[in-house]
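Read the structure below first, then the notes.
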Amino acid sequence: VQLQASGGGLVLAGGSLRLSCAASGRTFSSVYMGWFRQGPGKEREFVAGISWSGGSTYYSDSVKGRFTISRDNAKNTVYLQMNSLKPEDTAVYYCARGKGTGYGSSWYRLAKTDQYDYWGQGTQVTVSS
């Protein structure tokens, strides 16, 4: 399994970016997916998650209302649309593949890094003020 994240870059505060994560492997459509980020000197933190079908999504409080996660199972790709970007959104963004379907688990649990088994290489997002 490989995850290839792309779409990062430098943007002014208030701007938008769309991240993409292309996954290899036949099990993509049956697992939940997540986006995490790691800012300078900070721990990796959960940003957004999406169920295998796309019918359930979950966001951290810091991005709720500004970011939207989505997926296209036909293309084995998950997206993160980021609007109204702030300087504090500056980080390396990572996509990650969930360990299973997520049935019976709360998003509170699925937001933890140990619930993901494959990680992309990361894409840098820099928001200037």
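Because the structure is a prediction, the values reported are computed rather than measured.
Each of M82, Q81, R66 was evaluated against S16; a single residue qualifies, Q81, per the side chain to side chain contact (heavy atoms under 4.5 Å, CB included) test.
R37 has its side chain within reach of V63: a pair of non-hydrogen atoms, C-beta onward, lies under 4.5 Å apart. For the pair D72 and Y79, the minimum side-chain heavy-atom distance is below 4.5 Å. Within the 4.5 Å cutoff, side-chain heavy atoms of Q124 are placed close to those of T90. Side-chain contact check for F46 versus F36: some heavy-atom pair is nearer than 4.5 Å. Side-chain atoms of L110 and Y58, non-hydrogen and from C-beta on, never get closer than 4.5 Å to each other. Using a 4.5 Å cut-off on side-chain heavy atoms (C-beta onward), T27 and R97 make contact.
Judged purely by atom type and a 3.5 angstrom limit, R109 has no side-chain atom pairing as donor or acceptor with the backbone of Q115. Side-chain atoms of K99 come within 3.5 Å of backbone N or O of D114 as a donor-acceptor pair. Under a 3.5 Å cut-off, the side chain of S24 and the backbone N or O of Q2 do form a donor-acceptor pair. No donor-acceptor distance shorter than 3.5 angstrom exists from the side chain of N73 to the backbone of S53, with no hydrogens or angles considered. A distance-only check finds no donor-acceptor pair linking the side chain of Y116 to the backbone of C95 [under 3.5 Å]. Of the possible polar contacts, none joining the D89 side chain to the A13 backbone as a donor-acceptor pair under 3.5 Å is found.
The distance from the CZ atom of R71 to the CG atom of N76 is 8.5 Å, given to the nearest 0.5 Å. Within the model, atoms CZ of R18 and OG of S6 stand 10.0 Å from one another, a figure rounded to the nearest 0.5 Å. Between K64 atom NZ and T57 atom OG1 the span is 10.0 Å, to the nearest 0.5 Å.
Linking Ile, Leu, Val, Met, Phe, Trp and Tyr whenever their side-chain heavy atoms come within less than 4.5 Å puts I69 and F67 in one cluster. Linking Ile, Leu, Val, Met, Phe, Trp and Tyr residues whenever their side-chain heavy atoms come within less than 4.5 Å leaves W119 and F28 in two separate clusters. L85 and L10 fall into different hydrophobic clusters, defined by Ile, Leu, Val, Met, Phe, Trp and Tyr side-chain heavy atoms under 4.5 Å apart, directly or through other members. Linking ILVMFWY residues whenever their side-chain heavy atoms come closer than 4.5 Å, directly or via other members, leaves W52 and L80 in distinct clusters.
When all heavy atoms of L19 and W35 are compared, the closest pair comes out as CB-CH2, 3.7 Å. Looking at every heavy atom in both residues, D117 comes nearest to G98 through OD1-O, 3.6 Å. What you find for G8 and T123 is that their closest heavy atoms are N-OG1, 3.1 Å. When all heavy atoms of V47 and Y93 are compared, the closest pair comes out as CG2-CE2, 4.3 Å. Residues S20 and T77 share a closest heavy-atom pair of CB-CG2, 4.3 Å. Nearest heavy-atom pair, Y59 versus A48, reported as atom, atom and distance to 0.1 Å: CD2-CB, 3.6 Å.
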Taking it one step at a time, do W107 and S56 satisfy side-chain contact (heavy atoms from CB on, under 4.5 Å)? CA-CA 9 Å; W107 274 116; S56 175; 2.9 Å; yes
In sequence, state the C-alpha distance, the side-chain angles, and the governing distance for M33 and L3, and then conclude on side-chain contact (heavy atoms from CB on, under 4.5 Å). CA-CA 11 Å; M33 296 289 294; L3 302 175; 4.2 Å; yes
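The number of heavy-atom neighbours closer than 6.0 Å to NZ of K42, taken from other residues, nucleotides and ligands shown, is 12 or below.
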